[in-house]
Enquirer: 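Below you'll find the structure I mean.
Ligands are counted one by one from 1 in listed order, and the atoms in each one are counted from 1 as well. Just so it is clear, the model here is predicted, and its values are computed rather than measured.
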Amino acid sequence: MIISITNMKGGVGKSTITQNLAVCFAHKGYKTCIVDTDYELQTSTKWAAERADDLTKVVAFAVKNDELSKRVLALKKEFDLIFIDGTPALFELSTRAIILSDLVILPILPSIADIWTLEKFVSGYEEARSAKESMGATVSAYVLLNKFNENLNLDKEAIEVLKGFDIPVLSSTLGTRIAYRESMPQGRGVIEYKDKKAKEEMSCLADELEKIMKK
Ligand SMILES: Nc1ncnc2c1ncn2[C@@H]1O[C@H](COP(=O)(O)OP(=O)(O)O)[C@@H](O)[C@H]1O
Ligand SMILES: [Mg+2]
């Protein structure tokens, strides 16, 4: 199973969510790896290098744009789950990652400027989806609200706006929490960290996705 975490925008939490989901699924017993397509920054590759040996194993590979398909297909033989950490740099690469994927997660911040980026994503996604369907395969995409504050009317309104798009919104959301920033340079996921709320919301998200995967 291949899951892409993608969005044309930087700083929406792609790498954070990739690392955390990889940790959650590794804890669930899946043999998990990360394919880091952000060749410039290599955030997930650096994160994995900080990960202590006594933690549940999650490896990351920095992959160059023209090698993506080849590398992912090779890794598929070895791993149950591959998370592709997307890059904001290349539209073409995002489309290629979507074609390779079974599931696409689109992290979005609850702001109108971010929701506007969804329009751009949808056209690329539809193109990738029909390419995939012509090969007899399927892909489904879900929006994930990151840095979401359920007490803000503005954030709740964002959900209403998002309902106007064809891409479903996951019922799990992630709040703005220091734990995400603190656990990262330690090569940990928040489920391996001390913030109970972060742990809870991330486990919730992983459970929701596992149900979708098993459908
Ligand atoms: N839910 C969150 N709460 C707090 N900080 C977050 C959260 N999600 C991401 N961040 C922080 O925001 C910054 C950008 O996140 P990152 O995952 O690197 O985004 P991207 O990969 O999309 O560029 C990082 O400093 C990260 O620690
Ligand atoms: Mg990143």
Enquirer: Taking the side chain as C-beta and beyond, is there a heavy-atom pair between V35 and F83 under 4.5 Å?
Expert: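 No. Closest side-chain heavy atoms not under 4.5 Å.
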Enquirer: Using only atom types and a distance under 3.5 Å, with no angle test, would you say the side chain of K147 pairs donor to acceptor with the backbone of G175?
Expert: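 No; zero donor-acceptor contacts below 3.5 Å.
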Enquirer: Tell me whether E126 is salt-bridged to R129, with the criterion being a basic N under 4.0 Å from an acidic carboxylate O.
Expert: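 Between R129 and E126 there is a salt bridge, with a charged N closer than 4.0 Å to a carboxylate O.
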Enquirer: Hey, are the side chains of K199 and Y193 touching, using non-hydrogen atoms and a 4.5 Å cut-off?
Expert: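 Heavy-atom side-chain distance check fails, nothing below 4.5 Å.
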Enquirer: I167 versus Y125: any side-chain heavy-atom pair under 4.5 Å?
Expert: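 A side-chain contact under 4.5 Å exists here.
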Enquirer: Please check: side-chain N/O of T95 versus main-chain N/O of A128, any donor-acceptor pairing under 3.5 Å?
Expert: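 Between the backbone of A128 and the side chain of T95 there is no qualifying donor-acceptor contact (under 3.5 Å).
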Enquirer: Do the side chain of E50 and the main chain of W47 share a donor and acceptor less than 3.5 angstrom apart?
Expert: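 Answer holds: no.
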Enquirer: Distance below 2.8 Å from the Mg ion (ligand 2): how many protein N/O/S atoms qualify?
Expert: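 For the Mg ion (ligand 2), protein nitrogen, oxygen or sulfur atoms under 2.8 Å: 1.
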Enquirer: Using a 3.5 Å distance criterion without hydrogens, assess whether the side chain of Q186 forms a donor-acceptor pair with backbone atoms of S183.
Expert: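 The answer is no, because no donor-acceptor pair under 3.5 Å joins these two groups.
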Enquirer: For V59 and I34, what are the C-alpha separation, side-chain angles and deciding distance, and is it a side chain to side chain contact (heavy atoms under 4.5 Å, CB included)?
Expert: CA-CA 6 Å; V59 279; I34 295 174; over 6 Å; no
Enquirer: When you look for protein heavy atoms under 4.0 Å from ligand 1, which residues do they belong to?
Expert: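 Contacts of ligand 1 under 4.0 Å: G10, G11, V12, G13, K14, S15, T16, N146, K147, G175, T176, R177, Y180, R181.
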